[in-house]
Amino acid sequence: EDPWRLSEKFKLSLEQKRFFKIANKACAGDVITLHGGTGTGKTLAISAAIAKRRQPTLWMTSNKSLVFQLYEEVVDYLPDGKAHRYVSSFKDYRPSCMDNYKRRAVLTKARYLPAHGDVCMETMHLRTEARKAVAEKHLGLVVLASGSAVWPIGTDGEFSDGPNCFGIVGGHLTKDEAVKRIEAELTSDLETLGEQEAANLNEMVKEDIISIKERGFCREFADKYGWLVENGGRTTLIDLFNESFGTDWCLVLDETHSLGTQLVAPGKAHADRKKTLIGQGFRLKGSLGSGPLSLEELVGRIPKTLILASATPRKEDPREIWKFEGKHTEVKMVHRPTHILDPIVEFRESPKSIFENVVKDIKEAISKGGQVLLIGIRCVQMEAMTNKLHETSSIRSGILSERTGMLDRIELLNKFKEKELDVLAGVRLLNEGMDLPGVSLVIVLDAHRTGFLRSKCALLQMVGRATRNTNGKVILYGEKRTDAIIDVIDETKQRRDLQMKFNAEHGFVPTPLDQKKRPL
């Protein structure tokens, strides 16, 4: 068996072959951007390039659901390879922070809130298996990962930065050595704090020292004292790739329009949180160094082969962002292997009785065997609307929000794929490249609003959710036509016209894929 074998079941389209050839010829330092709409076959094209280059690959995308979806596709395309998943091990997680709460409109004393969250043992196991495969240099290795790849994996095993995970003191550092270093740092930090802040820090650290002496660890060890261990407790999955393969591996950044932000924002938020905790006496200054990689640190760790993919790539030259000195090639993919056209996009002024209009649109789509995505601005708004849909119209609906845990999210998406639900509502999590071929109608509320949730990029992503169905349609409800709405309608029409002309010239008929109903 060849671990890099591309399954014979899949034939590359002309556009996929063009990308395949360019990616195969790419030299060290070159950057390739794959600009392809939803359903144009970006995943197959990238998988084919990986197979030809025969390089271990870290394939990052913007959220957990997409990681699981990509995994299923890659397993089909590279059946003899070793594909793994690497996502956050937490079902939900809130790091320790200060809560400046108000009571009777008067700002009272800030409270310290310990970290809160639950570890998912299933994803913990997946992370361990992925790390093991990298360390053992498995042939045919492809790791599908979320933004977790830039966060520390922890120390001495799977001990991430969280409330129920602890960094074990051991290896090159004994308990006594750890305690001495913590005490020295404490003495130094106490001199710079006010009376109350010093009391806070002294009490917390003394309790942690007792725990370390007795059990070898303490609560939130990685967040508090990660700087004690090798590499400052900041070894990431990317570092493991470099340790095992040097620079001879491939990094794929998928859905770069949103992944880029996710790779930069957490580092700043983490630093701001730590500075606040240090100032209030709930962290030692040394803890500031822990946390996710900054963009500069990530740039210094990426390999010589970089592939970017998105339906809406950023305008900036990626060579400037990633400090690559080679050439940049952008490959556009407009035509789908299924020959399905881009959907019809229609703008409607929001009526006062918008709910009645939405119900009518939904029922019309359902009557033709389709499913509907309903995308709003606020979770509260969508929850109220889905409840009303169920109560007044008996429409089977569910809601996908940032408060939905990972396993619940996957269960909900599987129910929708199996057509146990007619409508799936949400705010942001429906924007990305989820493969939902049953969706014939996407309804976007408040399309006229300003901000990134209704930017041209965001709206194009929403339009993309209706591109896997031969009857795809998108309705944008808003108070007025914004520049973003006008651009999206025009751009989608241009692509649709090109696709219609291409199909007519070659005698192609839009045909949906006969996909297996496979759970994520």
Side-chain angles (χ1 to χ4, degrees), residues 38-39 65 69 336 338 340-379 381-401 404 408-447 459 461-478 492 496 510-520:
T38 303
S65 299
Q69 177 180 297
R336 298 181 175 86
T338 58
I340 293 176
L341 308 177
D342 270 36
I344 296 171
V345 183
E346 177 185 340
F347 172 76
R348 293 183 189 174
E349 287 193 11
S350 301
K352 291 183 179 180
S353 57
I354 191 169
F355 180 77
E356 287 73 15
N357 287 57
V358 167
V359 170
K360 182 180 177 182
D361 296 331
I362 290 174
K363 286 185 174 180
E364 182 179 347
I366 293 174
S367 69
K368 297 177 182 178
Q371 292 174 289
V372 181
L373 293 185
L374 182 59
I375 306 176
I377 287 285
R378 295 177 295 113
C379 285
Q381 171 198 28
M382 304 316 296
E383 288 171 353
M385 190 163 279
T386 51
N387 289 336
K388 196 172 180 180
L389 282 173
H390 180 72
E391 293 170 0
T392 63
S393 306
S394 298
I395 294 175
R396 302 176 302 171
S397 58
I399 181 168
L400 196 64
S401 75
T404 309
D408 292 334
R409 187 183 309 166
I410 291 174
E411 182 181 359
L412 192 61
L413 287 169
N414 284 334
K415 281 185 176 181
F416 189 69
K417 281 190 170 186
E418 294 289 341
K419 294 200 169 184
E420 295 177 22
L421 297 173
D422 298 312
V423 179
L424 190 58
V427 175
R428 289 184 59 188
L429 297 176
L430 296 177
N431 292 8
E432 312 306 335
M434 291 306 301
D435 182 2
L436 303 170
V439 174
S440 63
L441 176 63
V442 176
I443 300 174
V444 181
L445 306 179
D446 296 308
L459 290 176
Q461 288 293 323
M462 297 175 205
V463 169
R465 306 289 66 76
T467 56
R468 297 186 187 272
N469 193 290
T470 53
N471 299 312
K473 182 178 180 180
V474 179
I475 301 175
L476 304 177
Y477 279 105
T492 305
R496 184 179 173 88
T511 307
L513 286 173
D514 182 19
Q515 295 184 338
K516 296 180 290 184
K517 288 186 176 180
R518 175 179 53 197
L520 290 176

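Hydrogens, waters and symmetry mates play no part in the numbers below; they use all other heavy atoms, side chains included.
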Would you call [X] and [Y] a side-chain contact if the rule is heavy atoms closer than 4.5 Å?
{"X": "Asp422", "Y": "Ser397", "result": "no"}
{"X": "Arg468", "Y": "Val439", "result": "no"}
{"X": "Leu400", "Y": "Phe416", "result": "no"}
{"X": "Glu356", "Y": "Thr392", "result": "no"}
{"X": "Val427", "Y": "Ser401", "result": "no"}
{"X": "Leu412", "Y": "Leu421", "result": "yes"}
{"X": "Gln371", "Y": "Leu436", "result": "no"}
{"X": "Leu445", "Y": "Leu374", "result": "yes"}

All pairs passing salt bridge (Lys or Arg N to Asp or Glu O under 4.0 Å) where residues 363-376 contributes a residue, at least two apart: Glu364-Lys368
Can you check whether Gly376's main-chain N or O pairs, donor with acceptor, with Gln381's side chain at less than 3.5 Å? no
Go through the steps for Val359 and Leu389 under the test side-chain contact (heavy atoms from CB on, under 4.5 Å), then give the verdict. CA-CA 7 Å; Val359 170; Leu389 282 173; 3.7 Å; yes
Gap between atom [atom2] of [Y] and atom [atom1] of [X] - 0.5 Å precision:
{"X": "Ile354", "Y": "Ile443", "atom1": "CD1", "atom2": "CD1", "value": "8.5 Å"}
{"X": "Met382", "Y": "Leu424", "atom1": "CE", "atom2": "CG", "value": "9.5 Å"}
{"X": "Asp446", "Y": "Ser350", "atom1": "CG", "atom2": "OG", "value": "6.5 Å"}
{"X": "Lys360", "Y": "Asn357", "atom1": "NZ", "atom2": "CG", "value": "7.5 Å"}

With sequence neighbours left out, what residues match Ile475 under side chain to side chain contact (heavy atoms under 4.5 Å, CB included)? Arg348, Asp361, Leu441, Lys473, Tyr477
Ser367 meets the side chain to side chain contact (heavy atoms under 4.5 Å, CB included) criterion, sequence neighbours left out, with none
Using side-chain contact (heavy atoms from CB on, under 4.5 Å), reason through Ile344 and Arg496 one step at a time and then give a plain yes or no. CA-CA 8 Å; Ile344 296 171; Arg496 184 179 173 88; 3.7 Å; yes
Reference residue Val423; test side chain to side chain contact (heavy atoms under 4.5 Å, CB included); the match among Ile399, Ile362, Leu373: Ile362
Looking at every heavy atom in both [X] and [Y], which two are closest together, and how far apart are they?
{"X": "Ala466", "Y": "Val442", "answer": "CB-CG2, 3.9 Å"}
{"X": "Leu413", "Y": "Ser65", "answer": "CD1-OG, 3.8 Å"}
{"X": "Thr386", "Y": "Ala425", "answer": "CG2-CB, 3.4 Å"}
{"X": "Ala365", "Y": "Ser440", "answer": "CB-OG, 4.0 Å"}
{"X": "Pro512", "Y": "Ile340", "answer": "CA-CD1, 4.0 Å"}

CD/Glu349: more than 12 non-hydrogen atoms of other groups inside 6.0 Å: no
Distance-only donor-acceptor check, side chains Thr38 and Arg465, under 3.5 Å: yes
